[in-house]
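Both ligands and their constituent atoms are indexed starting at 1 by order of listing.
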Amino acid sequence: MKFTREDIDTQELDRRRALYGPLTAAVRDLVDATIRTEVDEAVIREVQATVVAATAKLRAEQIDGGFGMRFTADGESIAWGNAGIGLRNAIAPPLVIVSDDAGLHWTEVTLGAAYEGPPGLVHGGICALVMDHLLGTTASSIEPRFTGTLTLRYRRGTPLGPLRAEARIDRNEGRKTVVVGTLSDADGVTVEAEGIFIGPPTPTE
Ligand SMILES: CCCCCCCCCCCC(=O)SCCNC(=O)CCNC(=O)[C@H](O)C(C)(C)COP(=O)(O)OP(=O)(O)OC[C@H]1O[C@@H](n2cnc3c(N)ncnc32)[C@H](O)[C@@H]1OP(=O)(O)O
């Protein structure tokens, strides 16, 4: 697994956020526009050439493989390629996860046309992505945990649009943490989730 240390201070981190965040937002918007556009064929071809040229510019200097997870000297994590939260990943919704002192973790996110499965509804795999990441973050609030088993019950279709997901730890069993959660729209729960998240063995195991 690719964990590296990035020797930068908060100011530099903020500078990079301000640089890459708007680029990612623009690409995300491009994805949405590509799905929904109804412009003329000539314009489509012109835009394609522009996008290909822009991609070639970004490709001029690239890292190998995925972005990995980097940590600053202050211990702040930079998971900018992550499919759920990545600041540099236009595929990520992106999720912003918050928590309270009582252990509730939640995220409010709007999923648009790029996340469609059945017409007008969120793709089931995207619901799983949201719940996996939220439940995994909840499980990892004390120490890192990886998804062992994720069980979802799709109670009804999840409409595209604004959604809220919540999670909390149900119980800890040694290095297993069981987390439960829900995904909801304005009318209530659409998906129930339970996950078993597993930490690395302790040195005595
Ligand atoms: C810094 C970053 C964080 C930052 C936080 C970021 C949050 C990220 C959220 C996203 C999380 C992900 O997507 S993670 C990516 C998806 N997940 C993965 O790739 C994990 C792939 N699987 C594995 O690496 C492994 O199978 C593990 C780690 C899950 C388990 O391997 P292991 O450690 O060898 O486990 P093992 O000794 O056999 O078993 C330990 C105990 O767990 C149980 N167990 C084992 N596997 C499973 C399983 N799949 N489902 C249920 N239970 C299981 C066993 O019965 C046993 O229970 P008992 O006998 O003790 O009762």
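- No continuous path of ILVMFWY side-chain contacts below 4.5 Å connects L87 to V130, so the two sit in separate hydrophobic clusters.
- Among R175, E173, M69, the residue whose heavy atom lies nearest to atom 33 (O) of ligand 1 is R175.
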Compile the donor-acceptor pairs under 3.5 Å between side chains in residues 131-140 and protein atoms, sequence neighbours left out, one pair per line.
unit_1 : atom_1 : unit_2 : atom_2 : d
D132   : OD1    : T147   : OG1    : 2.6
H133   : NE2    : T137   : OG1    : 3.4
T137   : OG1    : H133   : O      : 2.8
T138   : OG1    : L134   : O      : 2.7
S140   : OG     : G136   : O      : 2.8
S140   : OG     : R145   : N      : 3.1
S140   : OG     : R145   : O      : 3.4

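- The backbone N or O of E194 lies less than 3.5 Å from no partner atom in the side chain of R153, so there is not a single donor-acceptor pair.
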Under 3.5 Å donor-acceptor pairs involving side-chain atoms of residues 91-100, not counting sequence neighbours:
unit_1 : atom_1 : unit_2 : atom_2 : d
D100   : OD1    : A102   : N      : 2.9
D100   : OD1    : G103   : N      : 3.1
D100   : OD1    : L104   : N      : 3.0

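- For the residues A83, S140, A128, G136, the heavy atom positioned nearest atom 9 (C) of ligand 1 is part of G136.
- Within the set H133, M131, E143, K176, the minimum heavy-atom distance to atom 56 (C) of ligand 1 is found for K176.
- Open room surrounds CD on Q11; 12 or fewer heavy atoms of other groups in view lie less than 6.0 Å from it.
- Closest heavy-atom approach to atom 18 (C) of ligand 1 among the candidates T138, D132, T147: T147.
- Among the atoms of G148, some N or O lies under 3.5 angstrom from an N or O of ligand 1.
- Of the options V178, I198, L135, the smallest heavy-atom separation from atom 53 (C) of ligand 1 is shown by I198.
- In terms of modelled atom types and a separation under 3.5 Å, the side chain of Y154 and the main chain of G124 share a donor-acceptor contact.
- Taking every heavy atom of T149 and a limit of under 4.0 angstrom, the matching atoms of ligand 1 come to 48 (C), 49 (N), 50 (N), 51 (C).
- Counting heavy atoms closer than 4.0 Å to ligand 1, residue R145 contributes nothing at all.
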